[in-house]
J.: 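The structure is given below, and queries will be raised subsequently.
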Amino acid sequence: MAGGTDCSSTTRRHSSSGAEAAAAATAAALAAAGVLQGRRILVVDDTAVNLLVARRTLTRCGATVTTAGSGEDAVRRVAAALSAAGDARGGDEGGALDVVLMDLHMPGMDGFMATEAIRECEKAVARGAAASEAATEVAQTGMEVTVLPRLPIVALTADVDEAIAQHCLANGFDGILQKPIDPRLLSHRLLQIEQPRCLGLLQTDSHSIQ
């Protein structure tokens, strides 16, 4: 009986060790490729364990990770980042954030509500930027000012299917990933989002719902 327990424990330890080694190898490969290296990522989830796992996974890949434990906190953080980016136009595009990974199912303000609020913040910042610079820029160059780029928001959920993916894309998201975060799929999604295409025409492919 005791011997069986020891054997089982040893097997679990070996399995856990193997999984950790595989995750570390994947992270090292992605860091070397530079896809997530230096990315400023905000992860939004109401579960502390999920935030811890996401931070560990993404940090291993070279990303700089901040977290928010609610939709309300996420909106506050993004609004501050957008405001800072708007004040520093012409410098580092995207301000303090490059992408938001947003859990869909949270109490209070869920992922859909938070994303809608963030998109409204973007519009407000864009209007403010245009109002403050339009007269000067148009007078000097005859060209309208360029507003800040749209902040990519990727939905995170455990129950991904085509209907949910399409619903997300129709409601302000730029993509969808299944939890727990797979850095390889996230890298693939970010590269897709950054392709020069109309944001309203972004579509998921088979990889995004696997």
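These values consider heavy atoms only, across backbone and side chains, with no hydrogens, waters or symmetry-generated copies.
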J.: Is there a donor-acceptor pair under 3.5 Å between the side chain of Glu72 and the backbone N or O of Met109?
T.: yes
J.: Linking Ile, Leu, Val, Met, Phe, Trp and Tyr by side-chain heavy atoms under 4.5 Å, what else ends up with Val49?
T.: Val53
J.: Please name the pair of heavy atoms, one in Asp174 and one in Leu169, separated by the smallest distance, quoted to 0.1 Å.
T.: C-CD2, 3.7 Å
J.: Please name the pair of heavy atoms, one in Leu51 and one in Val44, separated by the smallest distance, quoted to 0.1 Å.
T.: CD2-C, 4.2 Å
J.: Mind checking whether Leu104 and Ile164 have side chains closer than 4.5 Å, heavy atoms only?
T.: yes
J.: Mind checking the NE2-CD1 spacing from His167 to Ile176? Nearest 0.5 Å is all I need.
T.: 10.0 Å
J.: Side chains of His105 and Asp110: does their closest heavy-atom pair fall under 4.5 Å?
T.: no
J.: Could Asp98 and Arg150 be called an ion pair, given the rule that one side-chain N must be under 4.0 Å from one carboxylate O?
T.: no
J.: Salt bridge (Lys or Arg N to Asp or Glu O under 4.0 Å), that's the test. Do Glu122 and Arg119 meet it? Break it down for me.
T.: CA-CA 5 Å; Glu122 286 181 318; Arg119 296 308 182 204; 2.9 Å; yes
J.: Within the side chain of Arg55, is there an N or O that forms a donor-acceptor pair under 3.5 Å with the backbone of Thr66?
T.: no
J.: When you compare the side chain of Cys168 with that of Phe112, does any pair of heavy atoms fall below 4.5 Å?
T.: yes
J.: I'd like to know if the side chain of Ser70 and the backbone of Asp73 have a donor-acceptor N/O pair within less than 3.5 Å.
T.: yes
J.: Where the side chain of Gln178 meets the backbone of Val160, is there a donor-acceptor pair that is under 3.5 Å apart?
T.: no
J.: Side-chain contact test, heavy atoms from C-beta onward, threshold under 4.5 Å: evaluate it for Asn50 versus Val43 and give yes or no.
T.: no
